[in-house]
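As structure tokens, the structure follows; a few thoughts come after it.
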Amino acid sequence: MENINNITVLFGTLITLLLSVVAYFIKQLHTDFKSMEKDLVEVKTMALIIKTEFKSGNDLLNQKVEYLEKRVKNIELTIYKNQEYEK
């Protein structure tokens, strides 16, 4: 009877030790996931900032192109009027 109690205590201690190890690794995994989530939020924020900067730069470039197209059109009209006037 005493042998059975000793084996039960030994198995109980072993199971407790193994569950403690599993709990430790689950805690580490949870910490890693929280860290990864924080990094992912940071990456998403940086991607949004880059996207916004790119869009504003693209809009500015389009405005400059439109302005230059208007200037070229005005110059072409002026040249065309001068040619008509000279004839």
Side-chain angles (χ1 to χ4, degrees):
M1 186 80 161
E2 194 175 311
N3 250 353
I4 293 176
N5 286 339
N6 285 341
I7 291 175
T8 304
V9 170
L10 181 65
F11 277 126
T13 305
L14 184 62
I15 288 172
T16 303
L17 182 64
L18 289 175
L19 285 176
S20 297
V21 169
V22 169
Y24 172 77
F25 283 116
I26 288 175
K27 181 180 175 186
Q28 290 295 324
L29 186 63
H30 185 263
T31 303
D32 290 345
F33 273 116
K34 282 196 173 235
S35 175
M36 185 179 67
E37 182 182 18
K38 182 181 173 187
D39 291 343
L40 186 61
V41 168
E42 188 175 316
V43 166
K44 285 173 80 175
T45 304
M46 290 300 293
L48 185 61
I49 290 171
I50 291 170
K51 180 180 174 184
T52 304
E53 287 178 356
F54 179 76
K55 186 173 187 270
S56 64
N58 191 29
D59 291 343
L60 181 62
L61 189 61
N62 284 337
Q63 287 176 356
K64 288 181 180 182
V65 167
E66 286 176 12
Y67 174 72
L68 289 173
E69 285 176 347
K70 287 179 185 177
R71 286 190 65 191
V72 167
K73 186 175 181 179
N74 287 339
I75 292 171
E76 287 175 343
L77 286 174
T78 305
I79 291 172
Y80 179 72
K81 285 180 184 176
N82 283 341
Q83 287 177 353
E84 288 293 319
Y85 178 74
E86 291 176 359
K87 288 183 181 180

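Keep in mind that this is a model prediction, so the values were computed, not measured. Start at 1 with the first residue, then count along the sequence.
- By the side-chain contact (heavy atoms from CB on, under 4.5 Å) test, Phe33 is found to be paired with Leu29, Met36, residues two or more places apart in sequence or in another chain being considered.
- To the nearest 0.5 Å, atoms CG (Leu19) and CD1 (Ile26) are separated by 9.0 Å.
- Atom OG1 of Thr31 is separated from atom NZ of Lys34 by 8.5 Å, given to the nearest 0.5 angstrom.
- Residues meeting the side-chain contact (heavy atoms from CB on, under 4.5 Å) test with Thr45, sequence neighbours left out: Val41, Ile49.
- Environment of CD in Glu37: sparse, with no more than 12 heavy atoms of neighbouring residues, nucleotides or ligands closer than 6.0 Å.
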Requested in this report: With side-chain contact (heavy atoms from CB on, under 4.5 Å) as the test, would you mind laying out the steps for Ser56 and Thr52 before giving the verdict?
Outcome: CA-CA 6 Å; Ser56 64; Thr52 304; 5.6 Å; no
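- For the atom pair Leu10 CG and Ile15 CD1, the distance stands at 10.0 Å (nearest 0.5 Å).
- With a 6.0 Å radius and a threshold of 12 heavy atoms from other residues, nucleotides or ligands, Ile4 has its CD1 atom at or below the threshold.
- A distance of 13.0 Å separates CG in Asp39 from CE in Met46, rounded to the nearest 0.5 Å.
- Expressed to the nearest 0.5 Å, how far NZ of Lys44 lies from NZ of Lys51 amounts to 12.0 Å.
- Here the straight-line distance linking atom OG1 of Thr8 with atom CG of Asn3 works out to 10.0 Å at 0.5 Å rounding.
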